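Input: a single structure, listed below in structure tokens.
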2 protein chains.
Amino acid sequence: MRSRRYSTMNAMKWSPAVTAATSTRELAHPSCAEIRLEGVLHALSDPLRLRIVRELAVADDALSCSYFDLPISKSTTTHHFRVLRESGVIEQNYRGTAKMSGLRREDLDRLFPGLLDSVLGAAAAQAARLGDR
Amino acid sequence: MRSRRYSTMNAMKWSPAVTAATSTRELAHPSCAEIRLEGVLHALSDPLRLRIVRELAVADDALSCSYFDLPISKSTTTHHFRVLRESGVIEQNYRGTAKMSGLRREDLDRLFPGLLDSVLGAAAAQAARLGDR
DNA sequence: TGCTTCGTACGATACCCATCGTAGTAAGCC
DNA sequence: GGCTTACTACGATGGGTATCGTACGAAGCA
């Protein structure tokens with residue numbers, strides 16, 4: 001018998017050790033050691049999530065979730081950002097009522113040198129090849 | 001039950017795909033224009049498929065499906081190879097009773113320069129970081 | 001103290017997909 | 001012709017996941 005597939009989220013569903021703090025709005029992020037290539041690739045394989053990552057990549061600093069004009073509901077948006085965060089692609093924190101998201105560029109570059117850049121380049125190439133947008 | 005018409009349905013399923021064929025046993029491959037980055041990333045986001053691709057990458061030429069010692073059934077193996085082929089990551093053709101698979105390295109490099117290499121490098125780095133295998 | 005903005009949790013739904021076993025085709029060999 | 005090897009199609013199954021609406025919470029503002 002084989003473990004079915006890989007467990008998408010590395011064992012940390014949505015209630016990790018953060019519970020010690022008193023109502024501090026903190027979000028669980030995987031440590032670098034917990035980031036898995038398969039999870040990163042899976043996170044990037046969704047068109048909407050790839051689009052989010054591309055926009056984050058050209059931004060100077062973190063962007064709020066509401067910055068993105070996505071053709072999906074707010075709940076689904078939350079879902080996609082959570083997939084990106086739990087796979088280790090982005091980091092998020094609260095600033096007032098807003099939730100800011102930014103690429104974990106340095107972590108990813110250290111773990112998987114060149115990967116993020118080539119994915120971003122490939123996405124740009126494909127966008128140019130198709131009708132762009 | 002011996003004389004059940006099986007190949008007729010098969011032929012109908014495959015024939016509309018044109019492709020000036022010399023043999024009836026030809027496999028459908030996406031053209032370069034049809035290859036999508038999201039599909040490639042999705043294909044590579046499965047641990048078993050990534051493992052297949054890694055082994056193909058170090059092989060000199062195409063390998064038969066049975067070369068791989070995968071911890072899954074033969075039907076599931078067929079499924080994974082089909083995902084890889086239909087996403088444009090590998091090409092396959094029949095040689096006798098065997099089905100040979102090889103990376104579409106040049107196509108991928110032309111479409112997405114550097115992507116394949118960085119994914120392979122990332123996979124190797126992660127394998128080294130973890131217990132390897 | 002309300003009201004607004006922004007995001008979350010929850011439950012539901014429908015589709016996707018990894019897996020299997022079984023039964024079948026296709027080529028090669030004795 | 002039978003036997004073997006290699007792979008496939010089909011149908012089923014169970015878990016994954018993208019989507020939604022609704023109700024809720026937390027922060028900021030009037």
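Naming convention: chains lettered A, B, ... in sequence-line order (proteins, then strands); numbering from 1 in each chain. Quick caveat: nothing in here was measured; it's all calculated off a predicted structure.
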Short N-O contact, A/Asp109 and A/Arg104, less than 4.0 angstrom: no
Whole angstrom is fine here: how far is it from [atom1] in [X] over to [atom2] in [N]?
X: B/Glu26; N: D/dC7; atom1: CD; atom2: P; answer: 18 Å
X: B/Met100; N: D/dT5; atom1: CE; atom2: P; answer: 18 Å
X: B/Phe68; N: D/dC7; atom1: CZ; atom2: P; answer: 10 Å
X: A/Glu38; N: D/dG16; atom1: CD; atom2: P; answer: 16 Å
X: B/Glu86; N: D/dA9; atom1: CD; atom2: C1'; answer: 13 Å
X: A/Arg95; N: D/dA26; atom1: CZ; atom2: C1'; answer: 17 Å
X: A/Phe81; N: C/dA9; atom1: CZ; atom2: C1'; answer: 18 Å
X: A/Leu84; N: C/dG7; atom1: CG; atom2: P; answer: 15 Å

Side-chain donor-acceptor pair present, A/Ser45, B/Glu38, cut-off under 3.5 Å: no
B/Ser73 side chain to B/Thr76 side chain, donor-acceptor N/O pair below 3.5 angstrom: yes
OP1 or OP2 of C/dG7 under 4.0 Å from side-chain N/O of A/Ser66: yes
SG on B/Cys65 to OH on B/Tyr67, rounded to 0.5 Å: 13.0 Å
B/Leu84 CG to B/Ile90 CD1 distance, which is reported to the nearest 0.5 Å: 4.5 Å
Residue A/Arg82, side-chain heavy atoms: nucleotide from C/dA9, C/dG7, D/dA9 that is nearest: C/dA9
Whether A/Arg51 side chain and A/Asp46 backbone form a donor-acceptor pair below 3.5 Å: no
Between the protein and nucleotides 18-22 of chain D, list every N/O to N/O distance that falls short of 3.5 Å.
unit_1	atom_1	unit_2	atom_2	d
D/dA18	OP2	A/Arg49	NH1	2.7
D/dA18	OP2	A/His79	NE2	2.9
D/dT19	OP2	A/His80	NE2	2.3
D/dC20	OP2	A/Ser73	N	2.7
D/dC20	OP2	A/Ser73	OG	3.0
D/dC20	OP2	A/Thr76	OG1	2.8
D/dG21	N7	A/Ser75	OG	3.2
D/dG21	O6	A/Ser75	OG	2.9

